[in-house]
Q: 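Here's a structure for you.
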Amino acid sequence: MNVQPINYNIKFIRRKPLTSTTIEKSRSTVFKGLFDSTTPDLSQKFQYGLEALDEQSVFVVTSNEASSNMMLEIHADKIYIPVMKKYTLFIKKGDLKNMDELDSNFAIYKKGNKYYILSLAEHPLRKLLVDMPKEHYNKDNIVPSGNVRELNNGSIIHTGEMVWASSGEKEKFVFNTPKIFNPRNAEKYLNIKNIDNLQDFNKRTITALNTDYNAEKEIKGITFEDIGGLDDAIETLRKYVVRPINYPQVYQNIRLNKGILLYGPPRCGKTMLGKALANEVNAKYREYNANEFKSSTVGTSESNIRQVFKQAVADAPSITFIDEFDSIAKPRDGSSNARFDDPMVNQFLGCMSDLEKCAVPAFIIAATNMKKLIDPALLASGRFGLHIEVPMPDLTGLKQIFNIHARKQHIMNDVSVNELAQTMLENKFNGSDVAEMITDAFFNVLERLGLNKKMDNKTFTFSDLEKIALTRNDFIKAIQRITKQKI
Ligand code: ATP
């Protein structure tokens with residue numbers, strides 16, 4: 001591997017060029033390495049750490065290794081890669097000119113082409129600030145301990161206590177995306193630890209990764225065209241999600257509703273709507289069942305929820321579908337009292353309000369069959385404030401769903417869709433029943449034409465395929481069977 005010329009990644013941002021006198025007079029803090037002859041200096045070592053990051057290592061910058069290790073273990077679930085190696089840049093006393101040690105420790109890791117910083121600050125006041133050059137102070141740029149932010153090329157990492165007071169120059173790490181992958185310098189100049197020692201760390205990371213993997217669902221092909229009888233719901237989604245994602249310029253000064261509740265009886269198309277929506281806007285789709293978040297270990301349920309939101313932001317544009325939302329958010333006593341004391345409800349509230357504040361197109365769709373059971377606090381505006389009903393199909397809806405699912409079937413002239421829809425309506429068919437009825441009718445044809453036997457005897461020919469056509473009777477029989485099963 002070629003070792004490329006070194007780019008400084010830690011820079012002292014100064015207004016005037018430094019001379020030996022200005023250095024001595026200034027109250028500014030600079031890294032000792034920038035003006036002594038030690039090679040490599042801290043800037044170079046920081047660069048080496050970044051260059052060593054593959055998708056299986058983490059780079060920690062710390063003045064207190066014990067503390068950062070502890071914080072890293074606590075927040076292991078915030079790192080979305082299986083960590084095999086930890087590189088540590090240890091900032092010793094005296095390495096910094098004006099301070100004894102870094103105010104806040106942090107870790108950097110890489111996933112795909114993106115780099116993320118995790119704040120490992122132990123004391124709540126010792127906050128990390130990540131902004132861009134010339135950006136005015138913005139409290140949203142503070143990264144509280146245990147939180148993760150994406151790093152952009154040129155991001156400035158401030159590690160000073162009370163950074164928002166901007167009292168003079170503080171240490172600033174300037175993040176520039178490394179141009180090469182080269183772990184050799186890091187191996188030589190940084191501390192390396194095999195992460196096997198941190199058993200729990202890896203276990204939790206991998207569990208989190210598995211959860212994510214399962215959440216990704218196959219949605220190819222499903223569009224709004226495949227959904228029948230839900231024109232109002234689709235129009236609402238177009239209005240609040242599709243157009244804002246497709247035309248962000250139009251909506252840039254509008255605070256969008258990022259939390260949407262789909263409610264209605266089972267099997268009427270809520271999940272289909274979520275998937276089709278993701279396809280319509282070309283967004284990443286993940287699906288969870290709210291029961292998955294629950295854990296008997298203290299704090300884990302909340303952390304699972306945080307992870308889901310973090311993933312949604314990282315994936316943006318994204319649609320995150322949470323089924324059976326009522327299972328986490330229902331009042332314990334069955335009343336409609338708000339549960340501000342429930343840690344999971346509170347975590348959802350917090351995550352939703354963070355999501356509302358950020359401009360990324362990440363939408364959370366919660367689905368329920370029992371809207372009444374959901375904590376009212378979660379349904380307020382700014383949380384899951386947009387409620388869309390996904391009702392039982394009416395006559396027109398049933399006809400539409402029938403036509404969608406039967407579009408690839410050969411149907412005889414004696415079939416009246418109107419008559420079938422009327423019968424289905426009387427028997428309270430939902431969308432899924434309609435789909436099942438068509439499958440059943442198809443099986444009835446095979447039986448009626450003796451094609452099952454032919455297949456068993458291996459006398460089935462391609463000319464038999466052409467005989468398959470569904471008659472009124474095949475459908476009526478199917479409706480009867482499904483109706484019987486429903487009772
Ligand atoms: P649940 O509340 O049980 O999670 P759901 O409302 O999310 O159910 P879906 O999973 O979207 O229901 O629907 C189940 C299946 O029923 C779909 O895969 C589809 O085949 C059919 N279906 C339901 N509703 C519709 C509809 N409105 N249009 C077309 N197909 C539908």
Side-chain angles (χ1 to χ4, degrees), residues 214-238 241-242 259-280 283 285-293 319-330 363-374 384 386-409 411 417 420-421 424-425 427-443 470 475 478-479 481-483 485-486:
N214 292 335
E216 262 186 79
K217 287 271 155 62
E218 186 60 53
I219 55 162
K220 276 198 195 89
I222 301 178
T223 69
F224 286 153
E225 298 282 296
D226 299 311
I227 302 176
L230 295 177
D231 294 352
D232 289 351
I234 291 172
E235 181 44 34
T236 311
L237 289 172
R238 283 195 201 282
V241 185
V242 177
I260 297 164
L261 183 82
L262 297 183
Y263 69 97
R267 317 297 290 159
C268 288
K270 295 185 288 299
T271 314
M272 272 192 106
L273 276 175
K275 290 177 178 173
L277 176 64
N279 267 331
E280 297 283 338
Y285 177 82
R286 284 179 202 268
E287 193 179 303
Y288 303 87
N289 186 302
N291 286 301
E292 287 171 45
F293 304 146
I319 302 295
T320 302
F321 187 89
I322 304 176
D323 209 358
E324 296 194 37
F325 191 56
D326 47 277
S327 71
I328 36 162
K330 72 178 119 181
F363 290 81
I364 311 288
I365 307 231
T368 181
N369 304 327
M370 290 176 281
K371 184 183 173 199
K372 276 197 189 133
L373 292 186
I374 297 176
F384 289 90
L386 176 61
H387 305 172
I388 303 179
E389 189 180 4
V390 182
M392 282 289 282
D394 58 10
L395 189 68
T396 315
L398 287 166
K399 282 192 231 170
Q400 286 178 5
I401 301 172
F402 177 90
N403 287 330
I404 288 167
H405 286 278
R407 63 189 160 200
K408 289 191 182 146
Q409 301 303 329
I411 294 177
V417 180
L420 293 181
M424 290 191 281
L425 186 69
N427 290 298
K428 300 191 171 56
F429 269 41
N430 58 31
S432 174
D433 294 331
V434 181
E436 202 187 325
M437 189 273 279
I438 290 159
T439 307
D440 222 49
F442 178 84
F443 283 116
L470 289 77
F475 285 116
I479 293 177
R481 189 193 68 78
I482 290 165
T483 306
Q485 200 173 275
K486 279 163 76 77

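In listed order, ligands and their atoms are each counted from 1. These numbers were taken from a predicted model, which means no experiment stands behind them.
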Q: Please determine if P266 has a nitrogen or oxygen closer than 3.5 Å to a nitrogen or oxygen of ligand 1.
A: no
Q: List every atom of ligand 1 that sits less than 4.0 Å from any heavy atom of N369, numbering the atoms from 1 in the order shown and giving each element.
A: 2 (O)
Q: At a 4.0 Å cut-off, with the gap strictly under it, does some heavy atom of C268 reach an atom of ligand 1?
A: yes
Q: Would you please determine whether G228 falls within less than 4.0 Å of ligand 1 on a heavy-atom basis?
A: yes
Q: May I ask you to check if ligand 1 and A435 share an N or O to N or O distance below 3.5 Å?
A: no
Q: What part of H405 sits under 4.0 Å from ligand 1 if we count only heavy atoms: the side chain, the backbone, both or neither?
A: side chain
Q: Say whether I401 and ligand 1 are in contact under the criterion: heavy-atom distance to a ligand atom below 4.0 Å.
A: yes
Q: Pick one of side chain, backbone, both or neither for how L230 approaches ligand 1, counting any non-hydrogen atom pair under 4.0 Å.
A: side chain
Q: Which ligand 1 atoms are under 4.0 Å away from a heavy-atom of S432?
A: 16 (O), 21 (C), 22 (N), 23 (C)
Q: If we only consider heavy atoms of V390, is any one of them less than 4.0 Å away from an atom in ligand 1?
A: no
Q: Is M272 close to ligand 1, meaning an N/O of one under 3.5 Å from an N/O of the other?
A: yes
Q: With respect to atom 23 (C) of ligand 1, which of E436, M392, K270, R267 exhibits the smallest heavy-atom separation?
A: R267
Q: Under 4.0 Å, heavy-atom basis, I'd like to know which part of D226 is in contact with ligand 1: side chain, backbone, both or neither.
A: backbone
Q: Rounded at 0.5 Å granularity, tell me how far CG in L425 sits from CG in L420.
A: 12.5 Å
Q: For ligand 1, indicate whether the residue N430 contacts it via side chain, backbone, both or neither (heavy-atom separation under 4.0 Å).
A: neither
Q: Is it the case that the side chain of E287 and the backbone of F321 share a donor-acceptor pair, with hydrogens and angles ignored and the cut-off at 3.5 Å?
A: no
Q: Measure the CD1-CG distance between I482 and N427 for me, rounded to the nearest 0.5 Å.
A: 10.5 Å
Q: With salt bridge (charged side-chain N to carboxylate O under 4.0 Å, His left out) as the rule and sequence neighbours excluded, what pairs involving residues 224-234 come up?
A: D226-R407
Q: For E389, enumerate each residue passing the side-chain contact (heavy atoms from CB on, under 4.5 Å) test, keeping only those at least two apart in sequence or located in another chain.
A: Y263, P391
Q: Below 4.5 Å, heavy atoms only, C-beta onward: do I411 and F475 meet side chain to side chain?
A: yes
Q: Ignoring hydrogens and angles, tell me if any N or O in the side chain of K270 forms a donor-acceptor pair with the backbone of G264 under 3.5 Å.
A: yes
Q: Without swapping roles, check the side chain of N279 against the backbone of I222 for a donor-acceptor pair under 3.5 Å.
A: yes
Q: Among all protein heavy atoms in this structure, tell me which lies nearest to atom 7 (O) of ligand 1, with the distance rounded to 0.1 Å.
A: T271 OG1, 2.4 Å
